[in-house]
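What follows is a short report on a single structure.
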Amino acid sequence: MRMVDIIRKKRAGEEMTAEEIRFVIEGVVSGAIPDYQTAAWAMAVCFNGMTDSETADLTLAMAHSGDVVDLSAIRGVKVDKHSTGGVGDKTTLILAPMVAACGVPVAKMSGRGLGHTGGTIDKLESIPGFRTELAREEFFSQVNEIGASVIGQSGNIAPADKKLYALRDVTGTVESIPLIASSVMSKKIAAGADAILLDVKFGSGAFMKTAEDAIILAKAMVAIGTEVGRTTVAAITDMDQPLGRLIGNALEVREAIEILRGEGPADLRELCLKLGSHMLVLGGRAANEEEARGKLEAAIASGAALDKLAQMIASQGGDPAIARQPELLPQADERIPVLSASDGFVHGIDAEEIGLAAMRIGAGRAAKEDRIDYAVGVELVAKRGDRVRKGDTLAILHARRDDEAARSSAEQIVAAYELGGEAPAANPLIYAIVSKEGVQS
């Protein structure tokens, strides 16, 4: 088998065999196939696409290119949740304890953030003492004992994806739907879950800018999950403004705690109840979404969800008192109000710009080696639909004293707000649900 023949075949729009796909992935990992040939193949895929069968074969080949986690030692149906990323997205911090409190085990491996704000692991590490690196046996034991654990992703999960993505990033082939779908799903399958819930975001703060594009991606990922025997459901959700009101690592932990004690912003609460309901149905703990929602609301009202977070923090080395005293989390030195330059209704908030403004003051990484400041971030006071007057506070910067970047971040936040003369129509938080049965609005 020769790589040049496979490139020609894909360039002609023909379907690759499973053997040919395995040959490509094995060659990428071993280095036997040079980057220029891999890039040519990726461009052919970008132009001609892949069938569902090809995409599933590619996903499995990438999943099996490194460690594949066997979660059979954990009792119950393991449901993994994955978000395609967004600003202020702290749903894992809420869903893991909330869903575990209702009897669905959550054994989740998450990543760090590059650009915008930190990833789930960075947020958890803002809790002093919290350990995100556990031995596999300790990870399994914790999930069996308390129902939930979130740890850092193993360095050898889907190594083919890491190599292929790095090359796609510099060759203009990131946008290929089959390559995006197989990238996400290879890691989920290697992580060993029985069922997968996907939160596919669209809008200014997401990779997919329109709901229609997000649905295309969701269909591809659901098809992969179905093809390889994993029940997979995708929610298409809005990221045309940041989720919740707090952006930044310790700030987002604080907001997660607010939701778990029955408080916090309505959009974040509603999204977590919707996503959590699907997780309970997938995990066999509820017959339908209505029953599942009732169980989740009861877990919050009784304090069971917050208790579960405290147990999780304690099991992973942190101070469980933080679950009831979030003021123990790192805090910034200064609160800098960001004022509106005009009157109007908030029509939109460019989520990406808000994320970049938070990154400027240390809440995220511009480069892999950058250190995150857990305390800093942005607090949104006004959100879409709110009326503001000139001089009103749009947001508050949580920054370090004398941070010169704070001024430019404040200007960036003002520019991210779109104001209009009339109140805007409400946008749906969840646009559609995609399953093997099709798309449900």
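Side-chain contact between Leu268 and Thr91 is present, with heavy atoms from C-beta onward closer than 4.5 Å. Considering only heavy atoms from C-beta on, Ile300 stays 4.5 Å or farther from Arg261 through its side chain. Looking only at side-chain heavy atoms (C-beta outward), Ile25 and His64 stay at 4.5 Å or farther from each other. Between Thr231 and Asp194, every side-chain heavy-atom pair lies at or beyond the 4.5 Å cut-off. For the pair Leu419 and Val346, the minimum side-chain heavy-atom distance is below 4.5 Å. In this structure, Val228 and Leu60 have side chains that are in contact, with non-hydrogen atoms separated by less than 4.5 Å. Residues Ile349 and Arg384 have side chains not in contact (no heavy-atom distance under 4.5 Å, counting atoms from C-beta outward). Side-chain contact check for Leu309 versus Ile257: some heavy-atom pair is nearer than 4.5 Å.
Between the side chain of Arg168 and the main chain of Val174, a donor-acceptor pair closer than 3.5 Å is present. Under a 3.5 Å cut-off, the side chain of Ser277 and the backbone N or O of Leu275 do not form any donor-acceptor pair. The backbone N or O of Val29 lies less than 3.5 Å from a partner atom in the side chain of Lys163, making a donor-acceptor pair. When atom types are taken as modelled, the side chain of Arg400 and the backbone of Ala332 share no donor-acceptor pair closer than 3.5 angstrom. With hydrogens and angles ignored, the 3.5 Å screen pairs no side-chain donor or acceptor of Ser141 with any backbone N or O of Glu137. Glu175 contributes no side-chain N or O that, together with a main-chain N or O of Cys46, makes up a donor-acceptor pair within less than 3.5 Å. Counting only distance, with no hydrogens or angles, the side chain of Ser204 and the backbone of Ala351 share a donor-acceptor pair below 3.5 Å.
Environment of NZ in Lys187: crowded, with over 12 heavy atoms of neighbouring residues, nucleotides or ligands closer than 6.0 Å. Surrounding CD of Glu404 are at most 12 heavy atoms belonging to other residues, nucleotides or ligands under 6.0 Å away. Residue-environment remark: NZ (Lys436) stays at or below the threshold of 12 foreign heavy atoms within 6.0 Å.
Residue Ser182 comes nearest to Ile224 through the heavy atom pair N-CD1, 3.9 Å, listed as atom of the first residue, atom of the second, then distance. Between Cys102 and Leu296, the closest heavy-atom pair is SG-CD2, 3.8 Å. In terms of heavy atoms, Ile94 sits closest to Cys272 at CD1-SG, 3.6 Å. The shortest non-hydrogen separation linking Ala395 to Tyr417 is CB-OH, 4.4 Å. Nearest heavy-atom pair across Ile215 and Ala432 is CD1-CB, 4.4 Å. Scanning both residues, Val150 and Phe130, for their nearest heavy atoms gives O-CE2, 4.2 Å.
Salt bridge Arg365/Asp122: present, at least one basic N to carboxylate O contact under 4.0 Å. Between Lys81 and Asp199 there is no salt bridge, since none of the side-chain N atoms of the basic residue sits less than 4.0 Å from a carboxylate O of the acidic one. Using a cut-off of 4.0 Å between Lys/Arg side-chain N and Asp/Glu carboxylate O, Arg293 and Glu270 are scored as salt-bridged. Using a 4.0 Å cut-off between a side-chain N of Lys or Arg and a carboxylate O of Asp or Glu, Glu258 and Arg254 qualify as a salt bridge. We find that Lys123 and Glu255 are not joined by a salt bridge, their nearest charged nitrogen and carboxylate oxygen being 4.0 Å or further apart.
Note: Ile74 CD1 to Glu145 CD = 12.5 Å, rounded to the nearest 0.5 Å. With values rounded to the nearest 0.5 angstrom, Leu282 atom CG is found 14.0 Å from Lys78 atom NZ. Here OG of Ser176 is found 10.0 Å from CE of Met43. Values are rounded to the nearest 0.5 Å. Here the CG atom belonging to Asp240 is positioned 8.5 Å from the CG atom belonging to Asp350, to the nearest 0.5 angstrom. How far CD1 of Ile196 is from CD1 of Ile189: 5.5 Å, rounded to the nearest 0.5 Å. Put simply, CG on Asp392 and OG on Ser340 are 6.5 Å apart, with the number rounded to the nearest 0.5 Å.
In this model, no donor atom of one side chain and acceptor atom of the other lie less than 3.5 Å apart for Asp161 and Ser186. A donor and an acceptor atom, one from each side chain of Arg335 and His398, are located under 3.5 Å apart. Side chains of Gln440 and Ser435: a donor-acceptor N/O pair is absent below 3.5 angstrom, by distance only. Side-chain atoms of Arg360 and Ser408 form a donor-acceptor pair, as typed in the model, at a separation below 3.5 Å. Judged purely by distance below 3.5 Å, without hydrogens or angles, the side chains of Lys201 and Ser83 never pair a donor atom with an acceptor atom. For the residue pair Ser315 and Gln142, no side-chain donor N or O sits within less than 3.5 Å of a side-chain acceptor on the partner.
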Going through the distances and angles, do Ile127 and Leu329 end up as a side chain to side chain contact (heavy atoms under 4.5 Å, CB included)?
CA-CA 6 Å; Ile127 300 171; Leu329 290 162; 3.9 Å; yes
Under the side chain to side chain contact (heavy atoms under 4.5 Å, CB included) rule, what do Leu198 and Met185 come out as? Steps first, then yes or no, please.
CA-CA 10 Å; Leu198 301 165; Met185 293 299 289; 4.2 Å; yes
Candidate pair Asp267 and Lys383, rule salt bridge (charged side-chain N to carboxylate O under 4.0 Å, His left out), full reasoning
CA-CA 11 Å; Asp267 62 339; Lys383 291 200 70 178; 2.8 Å; yes
After noting the C-alpha distance and the side-chain angles of Leu397 and Ile413, does the key distance pass the side chain to side chain contact (heavy atoms under 4.5 Å, CB included) rule?
CA-CA 9 Å; Leu397 267 179; Ile413 290 169; 3.8 Å; yes
Determine, step by step, whether Phe207 and Ile180 satisfy the side chain to side chain contact (heavy atoms under 4.5 Å, CB included) criterion, reporting the C-alpha distance in whole Å, the side-chain angles of both residues, the deciding distance to 0.1 Å, and the verdict.
CA-CA 11 Å; Phe207 182 72; Ile180 297 170; 3.4 Å; yes
Side-chain polar contacts of residues 319-326 - donor-acceptor pairs under 3.5 angstrom, sequence neighbours left out - could you list them?
| residue | atom | partner | partner atom | Å |
| --- | --- | --- | --- | --- |
| Asp319 | OD1 | Ala321 | N | 2.9 |
| Arg324 | NH2 | Asp307 | OD1 | 2.3 |

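The ring pair (Phe, Tyr, Trp, His ring centres under 6.0 Å) search around Phe202 returns Tyr431, not counting sequence neighbours.
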